[in-house]
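Just below is one structure, and these are the notes that go with it.
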Amino acid sequence: DWSSDVCSSDLGWDGNDIKLSKSKYIRTGTNHSNRLVERELPETLTVDAAYWLGYSYGDGYVQDKNSISLALSTSWPDIEEKLVNIAKSEWGIESNFKNNIKGNYHVLILSSCQLLQYLKENNFLKQKADKIVFPESLLTAKSEFTLAFIAGFFDADGCVKQSKKTFCMDSICESFLLQIQSVLLAHGIVSKINKTVRKHPWRDIYRLSINGKRSQHILKNALKESVKISTAPVWTEKVRDFTRTIYKTKDYNTKASKH
């Protein structure tokens with residue numbers, strides 16, 4: 001029974017811890033107020049930070065070169081709470097919020113030039129949405145960091161399709177999903193990528209899907225940091241009644257009993 005053979009210690013490869021650069025913060029612009037706080041940022045990456053960064057690669061963007069913003073659905077308060085707590089515990093930054101007009105999502109804002117500089121120096125600052133690249137340091141890191149990053153991305157741009165019993169991640173950057181697909185495959189998770197062509201001005205979108213029962217079981221163990229996956233329902237397969245037949249014998253010249 002493969003369902004009992006997979007545990008978290010079996011996932012992935014033995015990689016490295018990620019050391020982070022901490023060069024001196026250089027203030028730019030004309031505002032040199034003493035109120036600007038210079039924070040003591042971590043020297044190594046943690047699982048929580050990797051999750052937060054993964055989310056930022058999905059629904060994050062840099063605003064005015066002074067802050068980084070994350071779009072949050074109001075349907076997932078647990079994800080919001082997790083991101084807020086990580087920003088506070090990892091970098092000592094309080095999150096601010098901005099609601100949109102329709103009210104179905106709001107924006108979490110971290111105002112810190114120092115954090116932006118820190119992420120950029122360590123190659124963890126998201127590029128343009130159609131040109132994002134999987135962080136190279138995570139490809140040789142311990143699995144716990146790499147998978148936490150993917151879990152964060154899943155909570156941003158992923159979903160659990162209950163009607164089709166599948167796990168999906170979307171992006172307009174095919175090469176980024178191909179990198180995720182390779183990482184998942186290295187952990188025993190098989191997936192496929194499909195393209196949806198959209199009319200201008202919308203860009204074509206790519207979807208990575210995990211369908212197989214075995215791969216889904218491994219995925220749930222691997223992306224345990226994901227709020228969406230951890231709260232996903234357990235799907236049960238329909239049991240076919242083989243005592244019933246779809247054929248009717250009344251159309252045949254037979255003495256067999258009718259069903």
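Because the structure is predicted, anything quoted here is derived from the model rather than measured.
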Under 4.5 Å between any side-chain heavy atoms of [X] and [Y], yes or no?
X: Leu20; Y: Glu43; result: no
X: Val62; Y: Lys126; result: no
X: Ser171; Y: Tyr206; result: no
X: Trp202; Y: Ile172; result: no
X: Gln181; Y: Leu178; result: yes
X: Leu125; Y: Tyr118; result: no

TODO: Sequence neighbours left out, what pairs pass side-chain hydrogen bond (donor to acceptor under 3.5 Å, both in side chains) with at least one residue falling in residues 89-98?
DONE: Thr46-Glu90, Lys88-Glu94
Open item on the list: Restricting to non-hydrogen atoms, name the atom on Phe167 and the atom on Ala232 that form the minimum distance, rounded to 0.1 Å.
Closed with: CE2-CB, 4.2 Å
- [ ] Indicate the atoms forming the closest heavy-atom contact of Thr146 with Ala141, along with that distance.
- [x] OG1-O, 4.0 Å
[Y] backbone acceptor or donor facing [X] side chain under 3.5 Å:
X: Arg207; Y: Asp170; value: no
X: Ser73; Y: Ser75; value: yes
X: Glu225; Y: Ala151; value: no
X: Gln114; Y: Arg39; value: yes
X: Gln216; Y: Ile210; value: yes
X: Glu174; Y: Ile193; value: no
X: Ser230; Y: Lys224; value: no
X: Lys82; Y: Val227; value: no

Could you state whether [X] and [Y] fall into the same hydrophobic cluster, counting links through intermediate Ile, Leu, Val, Met, Phe, Trp or Tyr residues with side-chain heavy atoms under 4.5 angstrom apart?
X: Val47; Y: Phe149; answer: yes
X: Val160; Y: Ile180; answer: yes
X: Phe97; Y: Trp76; answer: yes
X: Leu208; Y: Ile205; answer: no
X: Leu116; Y: Leu70; answer: yes

Task: By side chain to side chain donor-acceptor pair (under 3.5 Å) - contacts of Ser226 (at least two apart) - done: Asp155
How many angstroms lie between [atom1] in [X] and [atom2] in [Y], if you round to the nearest 0.5 Å?
X: Leu110; Y: Ile68; atom1: CG; atom2: CD1; result: 7.5 Å
X: Leu41; Y: Leu119; atom1: CG; atom2: CG; result: 8.5 Å
X: Leu138; Y: Ile150; atom1: CG; atom2: CD1; result: 8.5 Å

Under 3.5 Å, which donor-acceptor pairs link side chains of residues 52-59 to any protein atom two or more places apart or in another chain?
from	atom 1	to	atom 2	distance (Å)
Tyr55	OH	Ala71	O	2.7
Ser56	OG	Leu53	O	2.6

Open item on the list: My understanding is that a hydrophobic cluster links ILVMFWY residues whose side chain heavy atoms are under 4.5 Å apart, including indirect links. Using that, what else belongs to the cluster containing Val133?
Closed with: none
Task: Co-members of Val190 in a cluster of I, L, V, M, F, W and Y side chains, linked at under 4.5 Å - done: Leu185
Task: Donor-acceptor side-chain pairing of Asn122 and Ser21 below 3.5 angstrom - done: no
- [ ] State whether the number of non-hydrogen atoms from other residues, nucleotides or ligands found under 6.0 Å of Arg203 atom CZ is greater than 12.
- [x] no
Task: Under the ring pair (Phe, Tyr, Trp, His ring centres under 6.0 Å) test, residues paired with Phe153 that sit two or more places apart - done: Phe176
